Novice: 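Could you have a look at this structure, given as structure tokens, before my questions?
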Amino acid sequence: MTGTTAVTASWLDLPADTGYGLANLPHGVFSTAGTAPRTGIAIGDQVLDLAAATGDDVHATGTLNAFLAQGPAAWAALRAQLVDWFTDSAHRGAVEPHLLPRADVRMHLPIEVADYVDFYSSQHHAENLGKMFRPDSAALTPNWKHLPIGYHGRAGTVQVSGTPVVRPCGQRKAPADDAPTFGPSQRLDIEAEVGFVVGAGSELGTAVPVGRFADHVFGVCLVNDWSSRDLQAWEYVPLGPFLGKSFLTSVSPWVVPLAALEAARVDPPARDPQPLPYLRDDGERWGLDISLEVRLNGEVLSRPPFELMYWTPAQQLAHLTVNGASLRTGDLFASGTVSGPGADQRGSFIELSWGGKEPLTLADGSTRTFLEDGDEVVITASAPGPDGSRISFGEVTGRVEPAR
């Protein structure tokens, strides 16, 4: 991979523990009072107004798409330019006027989402749900270890972190009910996930092999794919998720470039059986050591480990396109719920409360099985950077509002 950045001295006064150092340089879209949205780079506690600093209109469109469409060579060139700007004091006079306090900017959805695909790639999550719903059968379905299972979601309801989570309404039917009823979801849930943003598209009819992952994917964000478990349970047979998922998907505002994650790349878990040739990833090492943290109303509930995901994002992209489906700039695909083997590593309330049978007791003495109105969920994550630094992915947040 090109564009990897080592930790280097900067003329900026960067906090020692910042997750937004020179090794990160995440891209986002921001605005200030009375100004139009444009591209920014997070650096320390500040944001570089990239449109103003470069004078390039591609950074003034209010979305990252136009820049991402330029492809890997342009991504690497900009990254090298940014490192040069922030490390060579000769550039200070030209760059510093375009730095703004990060606390003073408003963040927007970073991309215009073309298509959205959600996968189901955590073995621990899939086994937990299998044990709940199919206690007398194998925890994993027969196809699970042969292909990354996924579904196409609704691109129009992908929104930036902080967007209110309006409790969805729909049909629900408990097993003991004679007929379905209509009303607000009573089993509103989260799914702590990692998302991947496609920059360079592909030709219809042409598959993207595992080894071409970094030629198409620009970077990584956090995803909370809010889920209504009662709507989903009634509707999903035989075609799968629909209204139980499509009401809102939240993404973090900063997209961390793949080039920032070289030190986070790890071997994925051993696969048994070996997948078909188009999914084999020997030597590619696109497992990622990303540590997530899930908080409810400020209290830490779990710390899901992404490095244990059975299927890597490179395999997900290969499978997504193996039938000839084309990629478009702005496509977003997500990992599926990230869960580990421990009870404190589960990335959804359906697992944390074991289907509602084991309520969580919070520090204030209250209990939860699923989300209540007024609850706020914050998901954060970080990954190893070079020389012992940490890469921050920021956060994806949402507060539950009553059904309308």
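Owing to the predicted nature of the structure, the values given are computational and were not obtained by experimental measurement.
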Novice: Does atom CZ (R154) have a neighbourhood of more than 12 heavy atoms from anything else shown, all under 6.0 Å?
Specialist: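 Count not over threshold, so no.
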
Novice: Would you say L48 and W85 make side-chain contact, with heavy atoms under 4.5 Å?
Specialist: yes

Novice: Using a cut-off of 6.0 Å, state whether more than 12 heavy atoms not belonging to R134 lie near its atom CZ.
Specialist: yes

Novice: Run the numbers on L288 and R265 for side chain to side chain contact (heavy atoms under 4.5 Å, CB included), then give the verdict.
Specialist: CA-CA 5 Å; L288 291 170; R265 291 175 65 176; 3.9 Å; yes

Novice: Does the E112 side chain pair with the main chain of T63, one donor and one acceptor, at a distance under 3.5 Å?
Specialist: no

Novice: After noting the C-alpha distance and the side-chain angles of E372 and V400, does the key distance pass the side chain to side chain contact (heavy atoms under 4.5 Å, CB included) rule?
Specialist: CA-CA 7 Å; E372 296 183 0; V400 180; over 6 Å; no

Novice: Could you tell me whether the side chain of S202 and the main chain of A200 form a donor-acceptor pair under 3.5 Å?
Specialist: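 Flag not set: sc S202 to bb A200 has no pair under 3.5 Å.
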
Novice: Got L371 and L296 here, is their nearest side-chain heavy-atom distance under 4.5 Å?
Specialist: yes

Novice: Going from CG on L129 to CG on L140, what distance comes out if it is rounded to the nearest 0.5 angstrom?
Specialist: 11.0 Å

Novice: The test is side chain to side chain contact (heavy atoms under 4.5 Å, CB included); show your working for D189 and Q232 and say whether it passes.
Specialist: CA-CA 11 Å; D189 200 355; Q232 182 183 0; over 6 Å; no

Novice: Examine the side chains of Q316 and S121 and answer whether a donor and an acceptor come within less than 3.5 Å of each other.
Specialist: yes

Novice: Looking at R271 and D281, does any basic side-chain N land under 4.0 Å from a carboxylate oxygen?
Specialist: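 Looking at R271 and D281, the cut-off is met.
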
Novice: So among L327, V197, D331, L258, which one has a side chain to side chain contact (heavy atoms under 4.5 Å, CB included) with V217?
Specialist: L258

Novice: For the residue pair H125 and Y120, does the interplanar ring angle fall in the parallel (under 30°), tilted (30 to 60°) or perpendicular (over 60°) class?
Specialist: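 H125 and Y120: perpendicular rings.
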
Novice: Which residues pass the side chain to side chain donor-acceptor pair (under 3.5 Å) test with D230, sequence neighbours left out?
Specialist: S185, S228

Novice: So, do S302 and Q345 sit near enough that their side-chain heavy atoms are less than 4.5 Å apart?
Specialist: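 No. Closest side-chain heavy atoms not under 4.5 Å.
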
Novice: Restricting to non-hydrogen atoms, name the atom on T329 and the atom on G199 that form the minimum distance, rounded to 0.1 Å.
Specialist: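 Heavy atoms of T329 and G199 come nearest at OG1-O, 2.6 Å.
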
Novice: Are side-chain heavy atoms of Q159 and S250 found at a separation under 4.5 Å?
Specialist: no

Novice: Taking the six-membered ring for Trp, are the ring centroids of H27 and F218 within less than 6.0 Å of each other?
Specialist: yes

Novice: Examine F247 together with W226 and report whether their ring centres are nearer than 6.0 Å.
Specialist: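 When the ring centroids of F247 and W226 are compared, they turn out to be at least 6.0 Å apart.
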
Novice: Grab the two heavy atoms, one from R328 and one from A114, that are nearest each other, plus how far apart they are.
Specialist: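 Where R328 meets A114 most closely, the heavy atoms are NH2-O, 3.2 Å.
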
Novice: Whether the side chain of S366 engages the backbone of L362 through a donor-acceptor N/O pair (distance < 3.5 Å, no angle test) should be reported.
Specialist: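 Absent.
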
Novice: I'd like to know if the side chain of H91 pairs up with that of D84 as donor and acceptor (distance under 3.5 Å, no hydrogens or angles considered).
Specialist: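 Yes, D84 and H91 have a side-chain donor paired with an acceptor closer than 3.5 Å.
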
Novice: I'd like to know whether CG of D13 has more than 12 heavy-atom contacts from other residues, nucleotides or ligands below 6.0 angstrom.
Specialist: no

Novice: If you take all heavy atoms of S161 and P253, which pair is closest and at what distance?
Specialist: CB-CD, 4.0 Å

Novice: When you check the side-chain N and O atoms of S382 and S392, is any donor under 3.5 Å from an acceptor?
Specialist: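 No donor-acceptor contact under 3.5 Å links the two side chains.
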
Novice: Drop me the distance from L14's CG to I43's CD1, to the nearest 0.5 angstrom.
Specialist: 5.0 Å

Novice: Mind checking whether R280 and V210 have side chains closer than 4.5 Å, heavy atoms only?
Specialist: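 A side-chain contact under 4.5 Å is absent here.
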
Novice: What's the shortest heavy-atom distance between E401 and D373, and which atoms?
Specialist: O-OD1, 3.9 Å

Novice: Just by modelled atom types, is the Q315 backbone N or O under 3.5 Å from a matching donor or acceptor in the T312 side chain?
Specialist: yes

Novice: Classify the side-chain pair H124/Y310 by whether it contains a donor and acceptor separated by less than 3.5 Å.
Specialist: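 Distance-only check fails for H124 and Y310.
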
Novice: Below 4.5 Å, heavy atoms only, C-beta onward: do F333 and V198 meet side chain to side chain?
Specialist: yes

Novice: Please answer whether the main-chain N or O of G201 pairs with a side-chain N or O of H216 as donor and acceptor at a distance below 3.5 Å.
Specialist: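 Flag set: sc H216 to bb G201 pair under 3.5 Å.
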
Novice: Do P168 and L188 come close enough that some side-chain heavy atom pair is under 4.5 Å?
Specialist: yes

Novice: Given 3.5 Å as the limit, does a donor-acceptor pair link the side chain of R346 with the main chain of E351, or not?
Specialist: yes

Novice: Is the count of non-hydrogen atoms from other residues, nucleotides or ligands lying under 6.0 Å from Y236 atom OH greater than 12?
Specialist: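 No, because the 6.0 Å sphere around OH of Y236 holds 12 heavy atoms or fewer from other groups.
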
Novice: Between the main-chain N or O of A36 and the side-chain N or O of R38, is there a donor-acceptor pair closer than 3.5 Å?
Specialist: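 Yes, R38 side chain to A36 backbone: donor-acceptor pair under 3.5 Å.
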
Novice: Is a side-chain donor or acceptor of R399 paired with a backbone partner of G374 at a separation under 3.5 angstrom?
Specialist: yes

Novice: Going by an N to O cut-off under 4.0 Å, is there a salt bridge joining R229 and E191?
Specialist: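 A salt bridge links R229 with E191.
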
Novice: Between V223 and V194, which heavy-atom pair has the shortest distance, and what is it?
Specialist: CG2-C, 4.3 Å

Novice: Could you tell me whether the side chain of S246 and the main chain of F242 form a donor-acceptor pair under 3.5 Å?
Specialist: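 Yes, because the side chain of S246 sits within donor-acceptor range (under 3.5 Å) of the backbone of F242.
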
Novice: Has the side chain of R102 got a donor or acceptor atom that lies under 3.5 Å from a matching backbone atom of G44?
Specialist: yes

Novice: What is the distance from atom CD1 of I350 to atom CZ of R187, rounded to the nearest 0.5 Å?
Specialist: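 The CZ atom of R187 is 5.5 Å from CD1 of I350, to the nearest 0.5 Å.
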
Novice: Return yes when atom CD of E293 has more than 12 non-hydrogen atoms of other residues, nucleotides or ligands closer than 6.0 Å, and no otherwise.
Specialist: yes

Novice: CD1/I41 to CG/L78 distance, rounded to the nearest 0.5 angstrom?
Specialist: 6.0 Å

Novice: For H108 and S31, which heavy atoms make the closest approach, and how far apart are they?
Specialist: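 Residues H108 and S31, closest heavy atoms: NE2-OG, 2.7 Å.
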
Novice: Ring centroid separation for F213 and W286, is it under 6.0 angstrom?
Specialist: yes

Novice: Less than 6.0 angstrom separating the ring centers of F349 and F370, yes or no?
Specialist: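 Not close enough - the centres of the two rings lie 6.0 Å or further apart.
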
Novice: Could you check D104 against T32 for side chain to side chain contact (heavy atoms under 4.5 Å, CB included), going step by step and ending with a plain yes or no?
Specialist: CA-CA 7 Å; D104 294 346; T32 51; 5.8 Å; no

Novice: Evaluate whether atom CD of E203 has more than 12 neighbouring non-hydrogen atoms of other residues, nucleotides or ligands under 6.0 angstrom away.
Specialist: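 It does not: E203 CD has 12 such atoms or fewer within range.
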
Novice: Indicate yes or no: at least one non-hydrogen side-chain atom of L50 is less than 4.5 angstrom from one of L82.
Specialist: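 Yes, close enough: below the 4.5 Å cut-off.
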
Novice: Could you grab the distance from atom CG of L292 to atom OG of S335, nearest 0.5 Å is fine?
Specialist: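 Answer rounded to 0.5 Å: 8.0 Å.
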
Novice: Rounded to the nearest 0.5 Å, what separates atom CG in L231 from atom CZ in F182?
Specialist: 8.5 Å

